[in-house]
Amino acid sequence: MKESQKSKVKSQKLKKGIFISFEGIEGTGKTTQARLLSERLIEEGYEVILTQEPGGTVIGKRIRNILLQPDHQEMSYLTELLLYNADRVQHLKEKILSSIEEGKIVITDRFSDSTLAYQGYGRGIDISLIKSIDGIATGGFKPHVTVLFDLDVETGFKRNRGINKIDRLELEDIEFHKKVREGYLKIAELEPDRVKVVDAATGIEDVMKGVWEIMSWHLRIL
Ligand code: TMP
């Protein structure tokens, strides 16, 4: 939207901010959907912060680099777990908490559920250890709503190959990613009030519609 158009939009003030996370395996299109939702909310007059994990801060970008370098094959699973959490601490402190306090809508492309799905269900690290480290990193702060973009692993892989995206975790085999997907679905089953599943196999417009339905419901109740 152009600057001149922005001033015509009635600004929508929220008493309290809303924290939304987008989750899913590789190739679901969640990053595009996060951008589209952010644009739609801005058009409706909301103040929006679009961010990501890992890498939502300057320090986080450095941590992301360490985490995703394809040649860091020797990284231990525990190092990986702690680095994702370190990134999250910085992200919350520098960006998320203050924005929520100011009444903004924060959309993050990945948050704690990624750690549970990838390091927990994918790598096989004990789930209770993951949850206790998450408690230290987040102090129990969770998204108001999480949109889980669900897609079969083979389709996700094909989509990613199309855009030539390769990082260290994407180099893992198909079995790893299947465990991650199953993990996500389990999280959704355990927390149905917070985690809403959207079928990411349909077209971009249909997925967007599904996301908007979830979002508008939350804008009404929060
Ligand atoms: P992205 O490509 O969606 O930005 O995510 C970066 C990679 O990091 C992706 O393969 C998922 C992975 N990841 C974890 O394994 N654990 C986490 O806690 C997070 C946030 C991401």
Side-chain angles (χ1 to χ4, degrees), residues 19-38 50-57 59-73 75-92 94-96 106-127 129-138 141-143 146-151 153 155-157 159-184 186-187 195 198 200:
F19 184 35
I20 306 157
S21 64
F22 276 19
E23 295 282 358
I25 58 162
E26 329 288 326
T28 60
K30 69 178 164 41
T31 305
T32 304
Q33 290 295 333
R35 183 177 48 76
L36 292 171
L37 176 63
S38 149
L50 177 59
T51 186
Q52 66 169 156
E53 285 196 5
T57 62
I59 291 171
K61 282 192 178 63
R62 294 187 175 169
I63 297 174
R64 181 182 173 96
N65 219 3
I66 297 170
L67 275 164
L68 300 184
Q69 288 262 328
D71 61 347
H72 285 176
Q73 290 299 318
M75 186 180 292
S76 88
Y77 290 174
L78 190 56
T79 304
E80 186 179 284
L81 171 66
L82 293 171
L83 284 174
Y84 279 115
N85 276 280
D87 168 72
R88 189 158 303 132
V89 171
Q90 199 61 30
H91 195 200
L92 278 163
E94 259 189 60
K95 220 177 190 176
I96 299 173
V106 177
I107 305 168
T108 183
D109 186 346
R110 299 193 181 281
F111 196 65
S112 297
D113 295 315
S114 282
T115 312
L116 207 51
Y118 281 80
Q119 281 64 53
Y121 292 99
R123 296 293 196 213
I125 300 178
D126 182 47
I127 299 293
L129 174 68
I130 306 242
K131 287 191 173 168
S132 70
I133 294 176
D134 183 71
I136 297 168
T138 65
F141 187 73
K142 284 190 178 196
T146 293
V147 185
L148 171 57
F149 295 86
D150 183 51
L151 185 66
V153 174
T155 310
F157 264 43
R159 285 189 186 171
N160 254 10
R161 224 171 287 140
I163 56 166
N164 265 341
K165 185 171 174 286
I166 289 292
D167 65 40
R168 198 173 52 84
L169 277 95
E170 282 158 4
L171 290 174
E172 288 294 333
D173 62 17
I174 210 148
E175 286 314 310
F176 171 80
H177 291 279
K178 281 186 176 163
K179 283 190 243 167
V180 174
R181 183 191 182 196
E182 289 311 310
Y184 269 131
K186 195 159 203 175
I187 297 169
V195 185
V198 167

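Start at 1 and go down the list; that is how both ligands and their atoms are numbered. The shown structure was predicted, so the numbers you read here are calculated from the model rather than taken from an experiment.
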**Report entry** Side chain, backbone, both or neither: the part of Leu68 lying under 4.0 Å from ligand 1 by heavy atom
**Finding:**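 Answer for Leu68: side chain.
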Query raised in the report: Between Tyr84 and Arg110, does any side-chain donor sit less than 3.5 Å from a side-chain acceptor?
Result: no
Those atoms of ligand 1 less than 4.0 Å from some heavy atom in [X]:
X: Gln119; value: 14 (C), 15 (O), 16 (N), 17 (C), 18 (O)
X: Arg88; value: 18 (O), 20 (C)
X: Lys30; value: 3 (O)
X: Glu53; value: 20 (C)
X: Thr115; value: 17 (C), 18 (O)

Query raised in the report: Taking the six-membered ring of Tyr121, is NZ or CZ of Arg181 closer than 6.0 Å to its centre and within 45° of its axis?
Result: no
Requested in this report: Return yes if some donor-acceptor pair links the side-chain N/O of Asp87 with the main-chain N/O of Gly55 below 3.5 Å, else return no.
Outcome: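 Here the side-chain-to-backbone pair exists.
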Query raised in the report: Has the side chain of His177 got a donor or acceptor atom that lies under 3.5 Å from a matching backbone atom of Glu26?
Result: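 Side chain of His177 to backbone of Glu26: no pair is present.
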Query raised in the report: Between Phe19 and Phe141, what is the ring plane arrangement, given parallel below 30°, perpendicular above 60°, and tilted in between?
Result: parallel
Requested in this report: Return yes when Leu67 approaches ligand 1 closer than 4.0 angstrom through a heavy atom, no otherwise.
Outcome: no
Query raised in the report: Strictly under 4.0 Å, does any heavy atom of Glu80 approach an atom of ligand 1?
Result: no
Query raised in the report: Of all residues at least two apart in sequence or in a different chain, which pass the side chain to side chain contact (heavy atoms under 4.5 Å, CB included) check with Lys142?
Result: Glu191, Arg194
Report task. For residues Ser21 and Thr146, report the shortest heavy-atom separation together with the two atoms involved. Result ->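 Result for this residue pair: OG-OG1, 2.8 Å.
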Query raised in the report: Do Asp109 and ligand 1 have an N or O pair less than 3.5 Å apart?
Result: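 Looking only at distances, the answer is no, because the N/O contact criterion of under 3.5 Å is not met.
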Query - Backbone or side-chain N or O of Tyr118 under 3.5 Å from ligand 1 N or O - result: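 No, Tyr118 has no N/O under 3.5 Å of an N/O on ligand 1.
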